[in-house]
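Data block below; observations after.
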Amino acid sequence: MKIFCIGRNYVDHAKELNNPVPKQPLVFSKYPTALLYNNKPFFYPSFSKDVHFETELVLKICRNGKHIEERFAYKYYDEITVGIDFTARDVQSQLKAKGHPWEIAKGFNGAAPVGRFIPFDSLPNKDSINFSLTQNDQVVQQGNSQDMIFDFAKLIAHISKYFLIAKGDLIFTGTPAGVGPVQIGDTLLGSLEGEQVLTCRVK
Ligand code: ZN
C-alpha cells in the first residue's frame, strides 16, 4: 500500500510557515512502515529535537484507478479518519534549504498515526468535515475540509495522473494552521466531527 501526503493545502498553514500558496497540489509520500494503527505509541526519534504534529483528514482508497476525472473521484474513497503527519521540522528545514527531498523528515518509522476509520457516508455533512487535535487536553488544531485549497476530488484527480491509486492506499490531505512541537509524555487526541478517533501517546 501507499501513503500519499499533501503539503500546504490550507492557506493559513502555508502562511504560518512562510510558504507560498501552491498552484497545484504538492504531493509527497510516506512509507507503510510510518503507519501507526490502533493507538500505538509514537516513539520520539533520536535524530530530531523538533518533531511537530500536523493534524489531517485521511482518506482510504477503496478501488484502483488511474487518470481519474474529478467528477468520478468520490467513487474511489469510502472511509475517512484523522491522522498525524509527524514532521521532524528541524531536519525538514535543513533539507528544504538545500532543495533536497523531505523523505527522512516525514517518512520515518511511526511518522503516520491514523485513527479509527469511519464510513464516509456516515458523515453528517460530506462537504464540511470538522476535525481537531488536542495536546494534553488543550485544543491545538481545528480544521474544516471546506478550507482546503484542493478538495478531495482535485487531489485524487491530480495524484492519479502520476500514480495508480490502489485499494487500501491512504491520502493525508494536508494540515490547517496550528502545527506545533510535541514532547515525550504528551497525549494527542484526534477527533472527527466531535468523535474521538485517535489517541497517540509520545514516548
Ligand atoms: Zn502535512
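First listed ligand is number 1; within each ligand, the first listed atom is number 1. Only heavy atoms go into these numbers, but all of them, side chains included; no hydrogens, no water, no symmetry mates.
Residues R89 and E54 are paired through a salt bridge, judged by an N-O separation under 4.0 Å between the basic side chain and the carboxylate.
Protein N/O/S atoms closer than 2.8 Å to the Zn ion (ligand 1): E54 OE1, E56 OE2, D85 OD2.
Using a 4.5 Å heavy-atom cutoff, the side chains of V202 and P41 are not in contact. The closest side-chain heavy-atom distance from F4 to F172 is not below 4.5 Å.
Using a 30° and 60° split on the angle between ring planes, Y77 and F120 fall in the perpendicular class, above 60°.
For the 3.5 Å distance criterion, the side chains of Y31 and E103 qualify, holding a donor opposite an acceptor.
Every residue two or more places apart in sequence or in another chain that forms a side-chain contact (heavy atoms from CB on, under 4.5 Å) with K154 is listed here: E70, F150, D151.
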